[in-house]
Structure formats: structure tokens, C-alpha cells
Amino acid sequence: MSVIGRPNLVGRFLTIRSYHVDKVYNDLSYILTQASKLDEVESPSISRSASVLESAARDASSYSLKLPELCVVPKNTEQVSKCVSYCYENNIPIVPVGARTGLEGGTHALKGGVSFDMSQMKKIIQVNQNDMDCHVEAGLSWRELNDSIKSSGLWFPVDPGASATLGGMASTSASGTNAVKFGTMRENVIGLEVVTKDGSVIATAGRQCRSKKSSAGLNLTNLFVGSEGTLGIITSVRLKLHPLPSSLAVITAAFPGVRDAVESVVQVMQCGIPVARIEFLDQPGVSACYADSKLPYLSPDNPMLFVELHAMSQTALTEQVEILSEIFRSNGSSKFNWSSKQEERTQLWKARHNLHWSILKTKPGYHNIDTDVCVPISKFPEMVEATHKLIEQFKLDAPLMGHAGDGNFHSVILFDGNKEGEFERAKELANEMGRVAISLEGTVTGEHGIGRGKTVLLGEQFDKQTLSLMKTIKMALDPKQLFNPGKVFT
Ligand SMILES: Cc1cc2nc3c(=O)[nH]c(=O)nc-3n(C[C@H](O)[C@H](O)[C@H](O)COP(=O)(O)OP(=O)(O)OC[C@H]3O[C@@H](n4cnc5c(N)ncnc54)[C@H](O)[C@@H]3O)c2cc1C
């Protein structure tokens, strides 16, 4: 095998001095052709066109973009394995890419190299209806999975606000509005197939294993969940599925102030009411949501909670709604609306999932830093209040919304990209939010990950010894530091 790049291991990251892109293009084209299967859809598997490279690298973050030199679009695991092995041997950075909905610059090719666009690997390999699990390729999105299995009476509840791939979601340990009841990717991934540095294809839970729990060996599944493409490329995912709820209700409630809303969340959680979703929106968040959706039961001048309840029967559901409404009223909520109609449910969660875009519409031409933090539930009110103070102090617009039942919220920090220093100010606000979360015994990110944007904060959340162990594991799996360089670890 020819050596076309020379690693410079002085310093923490190697830099690729040069490699001959033409030769790599030809070699990878040959490898992809050799490993292609007859039944696969014919579409370009490798590209060096500027527009493809840009679209492979650009995610939903506002960091300055760094492009790869090439983009491969594998259609099967063998192609991933052969291409990874080639790149690793030749010291070429490898950047896995899903649907590029990430918010921390995870798909930017900071050291150039080859992007592996996994979005064409979207086969549903197996659905086991009786055991409620499935095995899918990493490029399938959670929405595509749910559309395909609807008729089976099952669903996959992890629902980030964008149509992310299940491989990308495993990589960032994503969650969403349903995590309060169903957990995050960590709780819903049974096992992963991963291509590692020499092209080996490993199965983190065992090749055939789909049992819901296991005490066998080290938990490699949860080593790769949340590793953000820094240890290998996920090619397929085994997931837990859940029965579709039979009776459900959606509730919206407006509150006089932020403290009233968030204290209500704490009380609901402490009472053990089995909410399936409980989302908090501050007043600017509700106002943006209303402007875009015009849902009549929203109260644009107030902070609000959006809640969903699941129950086995209508009677149980009505009981739960009553308890909830009592808690909300005792905290000053006046505008309370509930419905068990599927149509209203769809409208409400569509508006909530679109909130990021609704907020962007409030300031046309502005850029955004979307950040998230997560704290223990009892600290949630303090976290929200401290964040509002910071936002005032930084004189920026930054509506909040979040998966309140988990103590997790997002802020869409809006800034004028043409104004000197605004990006830095917005970034500093996000960093300060992370620091408050650490001081309140929480984490600098509950679901978006570290990417390139929060590496400094990672160093503040963990002590030196723990961080050093993480780096030792990284070096064991990726001694040349070619998997997604510049992300998570610095
Ligand atoms: C409007 C909006 C709302 C969002 N809401 C939420 C939310 O509620 N909850 C939440 O958790 N996130 C949310 N996100 C963030 C984003 O959707 C998640 O981070 C998601 O998990 C990213 O998946 P993706 O397929 O887009 O991955 P990408 O953005 O393509 O990649 C993300 C990271 O995963 C790595 N990666 C991708 N595929 C693989 C693979 N096959 N193997 C190894 N590594 C891989 C990449 O290298 C990168 O580091 C939101 C984003 C947007 C734009």
C-alpha cells in the first residue's frame, strides 16, 4: 500500500502535509466499485465537486466551514470497511457524516480528508415485531423508520427536532421530546455495528445479540454511543421499539412567569406523573412559535408548557389530566387546554419541532448558535433564571425551549454575523451557560454533544484524570487521530 500522506505527530493532532487527491480519488473509486453489490441503486459513490464537499460538511451550526477533499457515499458496510482501511493506512482523516443536522460542527472536516456520507445506507434489515426491536442501517432517519413501521403498531420514540439519521443520533447520544419517558439513544440502542481503524467490522453487543439487557463484557455499545465519529464509523444500529400509545392527550398551559412554569415541571416530576413529554418554552419562544404556527391555544405573551400523557384507558388519562391541571393552576396557570385528538397532537408537536426555524424567522439574516445544557430537575428553575440573567447581560436575543422533564433546555442564540465580535459574544454566552450548568451539578450538553464547539467546556466539566482516561481510550482505538480530528478531544 502506498503512503500518500505523512503524519506529523508533533503536537496533539497530526496534520496531513499533502496527499495526492487524484490518486486517492482513483484508488477509492476502484475500492468502491469492487465492493459494490448488484442490487444497489446506482448513484455517484465518490465526489470532489465543490458543491458536494460543501454539502457534506455543512451542518446546522454557524462555525466557519472546513471542507474535506473528497466525499464518499458508501452503499454497504464492505465499502465503508475497505475505504476506512485505505484511508487509515494512508494517513487520511475520516469524517463520518449523517443528515448534517448536528449543532456543534461535528461534520466539519477540520483537517481535510474524506467525508463518509452515510445517508445512502438506509435499509431496514430486520423488524422483530414480537420482541419489539429492529436492526437498521445507520443512514436511515428516525422519521423514515417510524413511517415504515407504523402499521406494526410500534414506534421509535427518540425524536430530535430535525430528521437526523440513526447513526448520527447514536453518535451524539441524541434525545428529544420523548426522552423523559422513553430515554435517550443510550437507553434505546441495543447494539451497534462499527467499522474501526483497520476496516474491522465489530458488533458491540455480539453479532446476533438483540436481548434488551446484557452483562457480557465491557459495554462497547455505550462507548460508541456519544463518541461523535471519533472512534469509528457506525454502519448499523439495533434499536428497541415501543408500542404506539392507545390513549393519549396533549396539554398546553400558560403561566404568569418563568418560575411558575418551571416549578410546575419540578412538581410534576416529583409527583411521579408518567408524562411522555413535557416541554418548556419561555415567552420569546412561545411568541416565535405562535407567529409561525398560529395555533389558537398558544399564549404569545407568556411562558408555556407543552405536555403529552399516555395511558391504558381514557379514564386513567382523564385522571392524570386532572392532577396535572391542579398542579398547573396552583402555580398560577390560567390558560389550560387539553385534547385527545390525534390532529391536535400532530399540530402541536409539528410546531414544537419547527421551533428552531420559527425562531430564526424572527430575525431574518441573523445567524445562530444553538446550545443545550442539562441539570438535575430540582436545579432546573435556577438554571433557567440564571440563563435569562446572562442573556440580558449579553444583550442578545436567545429564546429558550427544552425537554424540561429531563432538566434539559436549548437556547437559540441569535447574532448578527456582519457585526464585529458578535459571534464571539454569542459563543461566550453559550460557554457561560455551560459553566452555570456545571456549577449546578449538571452537564455542558445533554444531547447535542461536544463537536468542535464545546471542547473547552469538556475540559471544565471533567477533571484531568478522567479526561486523560478518555484520551487514552481514544488513542487505543485511533492512534493516528484520523477519526473526526478536532472534535471532542483537543
Ligand atoms: C432544528 C433542530 C432541532 C434539533 N433538536 C434536537 C433535539 O431535540 N435533540 C437532539 O439530541 N438533537 C437535536 N438536534 C441536533 C441533531 O439533530 C442531532 O445532533 C442528531 O443526532 C444529528 O444526527 P445527524 O444524522 O444529522 O448527524 P450529523 O450532523 O451528520 O453528524 C453528527 C455527528 O455524528 C457523527 N456521525 C454521523 N453519522 C455517523 C456514523 N454513521 N458513524 C459515526 N459517526 C457519525 C458526525 O461525525 C458528527 O460528529 C437538532 C438539530 C436541529 C437542526
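Since the structure is predicted, the reported quantities are computational estimates derived from the model, not experimental observations. Just so you know, ligand 1 is whichever comes first in the structure, and atom 1 is the first atom listed for that ligand. Note that these values count all heavy atoms, side chains included, but never hydrogens, waters or copies made by symmetry.
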Check whether [X] reaches the backbone of [Y] with its side chain - one donor and one acceptor, N or O, closer than 3.5 Å.
| X | Y | result |
| --- | --- | --- |
| Asp397 | Leu414 | no |
| Gln461 | Leu458 | no |
| Glu137 | Lys122 | yes |

Run the numbers for me: atoms of ligand 1, each under 4.0 Å from some heavy atom of [X], listed by number.
| X | answer |
| --- | --- |
| Gly102 | 26 (O), 29 (O) |
| Gly98 | 25 (O), 28 (P), 30 (O), 37 (C), 38 (N) |
| Gly161 | 3 (C), 4 (C), 5 (N), 6 (C), 7 (C), 8 (O) |
| Leu103 | 14 (N), 15 (C), 50 (C), 51 (C) |
| Ser171 | 34 (O), 35 (C), 36 (N), 39 (C), 40 (C), 42 (N), 43 (C), 44 (N), 45 (C) |
| Ala174 | 11 (O), 21 (O) |
| Met118 | 41 (N) |
| Asn484 | 47 (O), 49 (O) |

> Are side-chain N/O atoms of Lys181 and Asn178 paired as donor and acceptor at under 3.5 Å?
Replying inline: no
>> Ring of Phe306, cation from Arg352 - is the NZ or CZ under 6.0 Å from the centre and inside 45° of the axis?
In response: no
>> So which atom in Lys212 and which in Met132 form the shortest heavy-atom distance, rounded to 0.1 Å?
In response: NZ-O, 3.0 Å
>> Counting C-beta onward and ignoring hydrogens, is there a side-chain heavy-atom pair between Leu154 and His242 closer than 4.5 Å?
In response: no
>> Which option wins on minimum heavy-atom distance to atom 22 (C) of ligand 1: Leu192, Ile234, Thr101?
In response: Thr101
> Could you go step by step and tell me if His410 and His403 meet the ring-ring contact (aromatic ring centres under 6.0 Å, His included) rule?
Replying inline: CA-CA 8 Å; His410 306 206; His403 317 313; 5.0 Å; yes
> Does His403 approach ligand 1 within less than 4.0 angstrom via side chain, backbone, both or neither, non-hydrogen atoms only?
Replying inline: side chain
>> Just to check, does His448 reach to within less than 4.0 Å of ligand 1 when the distance is taken from its heavy atoms?
In response: yes
